[in-house]
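Only one structure is covered here, and it is reproduced in the block below.
This is a predicted model, so every value here is computed, not measured.
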Amino acid sequence: MKTFCGRANPTTGALDWVEESEEYDYHQEIARSSYADMLHDNDRNQKYYEGIRAAVARVKARGEKAMVLDIGTGTGLLSMMALTAGADFCYAVEVFKPMAEAAKCIVEKNGFSDRMKIINKHSTEVTVGPDGDMQTRANILVTELFDTELIGEGALPSYEHAHQNLVQEGCEAVPHRATVYSQLVESELLWSWGQLQPVVVEGARLAPPPAVTHCAGAHSVCDIQLSQVPPQHFTPLGPLCTMFSLDFSKPVSSAPQSHTSHFPAQASGKAQVVLSWWDIDMDPEGSIVCTMAPSWTYPQPKAAPWRDHWMQSVYFLPTERSVVEGEELSLTVSHDDYSLWYGLQTDRLQVGMKEPSLCRPCCTCHAHLVWNRPRFGELNDGRRTESYVRALRSVLNADSVCLSVSDGSLLPVFAHMLGAKKVFGLESSRMSKRVIEQVLEANSMKGGVELLEIRADQLSSNDLGGQQISVLMGEPYFSTSLLPWHSLFFWYCRTALAKLLHPGASILPRSATLHAAAVEFQDLWRIRAPCGTCEGFDVSPMDQMVQRSLDFHESREAEPHPLWEYPCRALTPPTAVMTFDFTQCVPQQPINAQGFFPFVRSGCCHGIALWMEYQLTDQVTISMGLTGAVGEQGACEWSRHRKQGVYFFPSPRQSLGEDGGKVSYSFTFEPSSGDIRMEFNVASDSP
């Protein structure tokens with residue numbers, strides 16, 4: 001049996017459905033999972049172990065057998081903890097078949113097979129009775145069903161069903177309780193990810209469309225490593241509020257609910273964003289707490305545990321609202337069975353202001369469907385806009401006929417504002433075309449840009465009114481791009497448009513350069529590192545399964561990560577490894593590049609960071625990776641707008657600093673597929 005998998009195609013800019021073997025999807029799920037991250041989360045594991053020991057002890061103190069139901073068992077770790085703590089039997093439920101098979105191997109390797117049953121079902125399909133999956137209801141419920149938003153993995157329906165059908169009344173639960181905390185803030189940085197701001201083009205103001213500014217936006221949570229957003233980037237307008245708690249030892253409802261916290265504004269400002277995280281109490285007394293609070297809430301930030309499977313949440317209010325210090329505010333969180341959203345009321349409720357609604361907000365302007373959060377931030381970046389405008393100004397004149405090739409781009413609007421004779425824009429979808437039309441209409445420029453919903457290879461001279469293109473421009477940005485070099489689709493478009501270009505046409509950007517640096521990650525290495533043992537249990541079969549999946553396919557490919565969220569040190573100088581000349585067509589033969597970069601700092605080399613830089617003109621370059629010089633100790637600052645590529649080494653390599661070795665590289669760009677193959681070798685110069 002075959003399976004179809006979506007893969008970005010840089011030659012077409014489309015998401016192609018590629019036929020793969022039936023094992024492909026399974027191996028991808030394992031290789032890109034967070035299991036290693038969870039097993040390396042010592043704080044989480046230790047707190048669960050403490051809570052489980054306490055729960056088993058309470059049941060035993062009542063003279064009862066300790067019968068455990070573990071929902072979402074994964075590796076079987078929590079069940080093995082329970083059995084070690086004295087539980088009599090564990091029913092471990094795992095819906096993902098490969099993971100259930102791995103759990104069986106791990107449980108057998110650790111000698112618990114006789115007291116534990118792995119049930120490969122969704123918990124809502126588990127039956128109880130003489131012929132059922134469970135012989136009897138459990139009196140201890142152990143779960144790890146949470147995501148960054150707490151309930152996004154279906155925790156509420158699973159708990160609701162378990163209490164109705166699988167556990168005894170008054171059961172012990174680990175965790176016992178979850179509590180959601182939120183804080184209302186003003187933040188120019190964070191708000192720039194949720195709404196389009198006015199854009200300044202050589203002193204002229206480009207206003208966002210009213211439909212966009214009045215839109216409630218995308219309902220999905222923005223989950224990030226909030227520890228990497230320093231407190232100076234936001235102003236608290238209220239205290240940290242306890243919004244609601246869930247007691248997992250009692251019946252839980254998945255029905256929509258709302259909870260409100262009342263407080264006086266701590267400062268005057270613009271209410272824009274809600275920061276949120278949660279913690280879990282592993283025992284009824286709340287003495288064993290595992291918190292997701294960002295590091296800047298700790299007295300010693302470096303002591304905060306790092307985890308990537310649970311982060312923090314950013315929610316954007318439906319509309320920005322001014323508040324005055326001392327004013328009474330009401331912050332309301334609503335949730336259904338899978339997601340949360342927020343609303344704000346003031347004591348100055350004005351005409352047109354609505355009460356917070358149980359109805360989940362949705363985008364009505366299309367912009368929040370076309371542009372993701374980093375893309376909003378990119379469009380709102382004034383310095384970036386200034387660079388593009390400066391580059392456009394250097395190539396435009398009153399006779400320029402411009403064609404823009406990027407998704408949902410403001411470049412054609414800029415070109416019109418700068419006085420180009422005629423501006424065309426290619427848009428990949430009707431929705432993105434409509435969003436740019438709204439921008440034009442809101443600024444009395446309707447008709448100033450002719451937007452075409454057509455592919456570059458299908459564009460004809462007739463579509464351009466017989467005119468030749470004198471300026472071909474792109475950011476480039478394409479919504480299907482995952483890795484940095486996927487935006488080379490612009491090069492393929494330039495090649496397809498060659499016959500429509502004026503002989504002296506300007507291409508912006510003129511070229512792109514792939515850059516690389518060997519890096520030491522502060523924490524991100526954990527997501528790919530084998531675990532071996534966890535809390536005294538041998539979980540090596542999990543390591544072996546992950547490695548087999550990594551070796552199955554695409555094991556030596558880079559993967560996308562927003563490196564601004566994951567601190568790292570550069571151990572080698574940032575190096576330009578390949579250049580792509582957009583003034584020429586895509587070559588028919590592969591482009592090869594070999595070389596090396598020397599280690600200049602000592603450290604543990606976990607892999608290679610990769611990013612693109614675009615040379616808009618001879619004087620203007622835009623980086624999609626490093627935004628400044630590397631610090632003396634190797635500190636890196638990364639663009640928040642695009643993801644960078646990371647090529648993880650199978651095992652970390654030690655760098656001894658200067659004269660301590662080098663990284664040899666080999667890159668091959670395949671024009672037929674748009675893929676870049678890469679190989680690295682770390683060599684030590686030490687004796």
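- When every heavy atom of Leu196 is checked against every heavy atom of Thr213, the shortest pair comes out as O-CG2, 4.4 Å.
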| task | Tell me, with the steps shown, if Leu514 and Phe580 meet side chain to side chain contact (heavy atoms under 4.5 Å, CB included). | result | CA-CA 8 Å; Leu514 178 63; Phe580 310 94; 4.2 Å; yes
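- Under the 3.5 Å distance criterion, with hydrogens and angles disregarded, no donor-acceptor pair is assigned to the side chains of Gln197 and Ser192.
- By the neighbour-count criterion of 12 heavy atoms within 6.0 Å, atom CD of Gln458 is densely surrounded, having more than that number from other residues, nucleotides or ligands.
- Not counting sequence neighbours, Gln438 has no partner by the side-chain hydrogen bond (donor to acceptor under 3.5 Å, both in side chains) test.
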| request: Verify side chain to side chain contact (heavy atoms under 4.5 Å, CB included) between Ile469 and Phe424, making sure each step is shown before the conclusion. | output: CA-CA 9 Å; Ile469 302 165; Phe424 297 92; over 6 Å; no
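- Side-chain atoms of Met311 and Glu565, non-hydrogen and from C-beta on, do get closer than 4.5 Å to each other.
- Across every non-hydrogen atom of Arg360 and Ser339, the tightest pair is NH1-OG, 3.2 Å.
- Under the 3.5 Å distance criterion, the side-chain polar atoms of Thr572 are matched with a main-chain donor or acceptor of Ala518.
- Partners of Arg569 under the salt bridge (charged side-chain N to carboxylate O under 4.0 Å, His left out) rule, at least two apart in sequence or in another chain, are Glu520.
- Checked against salt bridge (charged side-chain N to carboxylate O under 4.0 Å, His left out), Glu453 has the following partners two or more places apart in sequence or in another chain: Arg430.
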| Stepwise, does the ring-ring contact (aromatic ring centres under 6.0 Å, His included) test hold for Phe680 with Tyr647? | CA-CA 9 Å; Phe680 300 95; Tyr647 180 102; 4.7 Å; yes
| message | Show, in sequence, the C-alpha distance, side-chain angles and deciding distance for Thr621 and Glu613, and conclude whether the side chain to side chain donor-acceptor pair (under 3.5 Å) test is met. | response | CA-CA 7 Å; Thr621 296; Glu613 293 188 4; 5.9 Å; no
| message | For Gln312 and Ser276: C-alpha separation, side-chain torsions, deciding distance, then whether side chain to side chain contact (heavy atoms under 4.5 Å, CB included) applies. | response | CA-CA 6 Å; Gln312 295 81 36; Ser276 181; over 6 Å; no
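- Taking 4.5 Å as the limit, some side-chain heavy atom of Pro236 sits within range of a side-chain heavy atom of Gln183.
- Using a 4.5 Å heavy-atom threshold, the side chains of Leu226 and Trp277 count as touching.
- Residues satisfying the side-chain hydrogen bond (donor to acceptor under 3.5 Å, both in side chains) criterion with Glu202, sequence neighbours excluded, are Arg393.
- Ser182 and Tyr342 are linked by a side-chain donor-acceptor pair at a separation below 3.5 angstrom, with hydrogens and angles left out of the test.
- The two residues Val630 and Cys636 come nearest to each other via the heavy atoms CG2-SG, 4.5 Å.
- Within 6.0 Å of atom CD in Glu188, 12 or fewer heavy atoms from other residues, nucleotides or ligands are found, so the atom counts as exposed in its surroundings.
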Do any side-chain atoms of residues 583-598 form donor-acceptor pairs under 3.5 angstrom with protein atoms, and if so which ones, sequence neighbours left out?
residue, atom, partner, partner atom, Å
Thr583, OG1, Asp581, OD1, 2.5
Thr583, OG1, Asp581, OD2, 3.2
Asn592, OD1, Thr668, OG1, 2.9

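- In summary, the side chains of Asp407 and Ser428 do present a donor paired with an acceptor at a separation below 3.5 Å, with no hydrogens or angles considered.
- Counting only distance, with no hydrogens or angles, the side chain of Gln228 and the backbone of Gln225 share no donor-acceptor pair below 3.5 Å.
- Side chain to side chain, Ser295 and Ser227 meet the donor-acceptor criterion of an N or O pair below 3.5 Å.
- If you check the side chains of Thr346 and Arg321, you find no donor sitting under 3.5 Å from an acceptor.
- Here CG of Asn443 is found 4.5 Å from CG of Leu206. Values are rounded to the nearest 0.5 Å.
- Residue Glu637 places its CD atom among 12 or fewer non-hydrogen atoms of other residues, nucleotides or ligands, all under 6.0 Å distant.
- Between Ser487 and Tyr477, the closest side-chain pair of non-hydrogen atoms is not below 4.5 Å.
- Looking at Gln644 and Trp638, their side chains come closer than 4.5 Å, going by heavy atoms from C-beta outward.
- Here the shortest heavy-atom pairing between Ile676 and Phe669 reads CG1-CD1, 3.9 Å.
- Ile608 approaches Ala516 most closely through the heavy-atom pair CG2-CB, 3.9 Å.
- Side-chain contact between Leu317 and Val273 is absent, with no heavy-atom pair separated by less than 4.5 Å.
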| field | Derivation and outcome, side chain to side chain donor-acceptor pair (under 3.5 Å), residues Glu320 and Gln272 | value | CA-CA 5 Å; Glu320 180 182 79; Gln272 300 167 324; 2.6 Å; yes
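- With sequence neighbours left out, the side-chain contact (heavy atoms from CB on, under 4.5 Å) criterion links Pro374 to Asn372.
- Pairs engaging residues 369-382 under the salt bridge (Lys or Arg N to Asp or Glu O under 4.0 Å) rule: Arg375-Glu378, Arg375-Glu475, Glu378-Arg384, Glu378-Arg642 [sequence neighbours left out].
- Tyr566 and Asp308 form a side-chain donor-acceptor contact under 3.5 Å, judged by distance and modelled atom types alone.
- Under the ring-ring contact (aromatic ring centres under 6.0 Å, His included) criterion, Phe582 pairs with Phe490, Trp491, not counting sequence neighbours.
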Show which side-chain atoms of residues 497-510 pair as donor or acceptor with protein atoms under 3.5 Å away, not counting sequence neighbours.
residue, atom, partner, partner atom, Å
His502, ND1, Gly504, N, 3.1
Arg510, NE, Asp618, OD1, 3.4

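- Contact annotation: the side chain of Leu426 approaches that of Ile454 to within less than 4.5 Å [non-hydrogen atoms, C-beta and beyond].
- With respect to the salt-bridge test (charged N to carboxylate O, under 4.0 angstrom), the residues Lys422 and Glu450 qualify.
- Partners of Arg390 by side-chain hydrogen bond (donor to acceptor under 3.5 Å, both in side chains), not counting sequence neighbours: none found.
- A side-chain donor-acceptor contact under 3.5 Å links Gln615 and Ser511.
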| task | Apply the test side chain to side chain contact (heavy atoms under 4.5 Å, CB included) to residues Glu427 and Ser432: give CA-CA distance (whole Å), side-chain angles for both, the deciding distance (0.1 Å), then the verdict. | result | CA-CA 6 Å; Glu427 287 294 344; Ser432 61; 2.9 Å; yes
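- Checked against the 6.0 Å centroid threshold, Trp341 and Phe316 do not count as a close aromatic pair.
- Taking Tyr315 as the reference, Glu149 meet the side-chain hydrogen bond (donor to acceptor under 3.5 Å, both in side chains) condition, with sequence neighbours excluded.
- Across every non-hydrogen atom of Val395 and Val471, the tightest pair is O-CG2, 3.9 Å.
- The ring-ring contact (aromatic ring centres under 6.0 Å, His included) test applied to Trp193 returns Trp564, not counting sequence neighbours.
- A 4.5 Å side-chain heavy-atom check between Leu237 and Val185 finds every atom pair outside the cut-off.
- Using cut-offs of 30° and 60° for the angle between ring planes, the Phe376 and Trp371 rings count as perpendicular.
- Between Glu441 and Arg434 there is a salt bridge, with a side-chain nitrogen of the basic residue lying less than 4.0 Å from a carboxylate oxygen of the acidic one.
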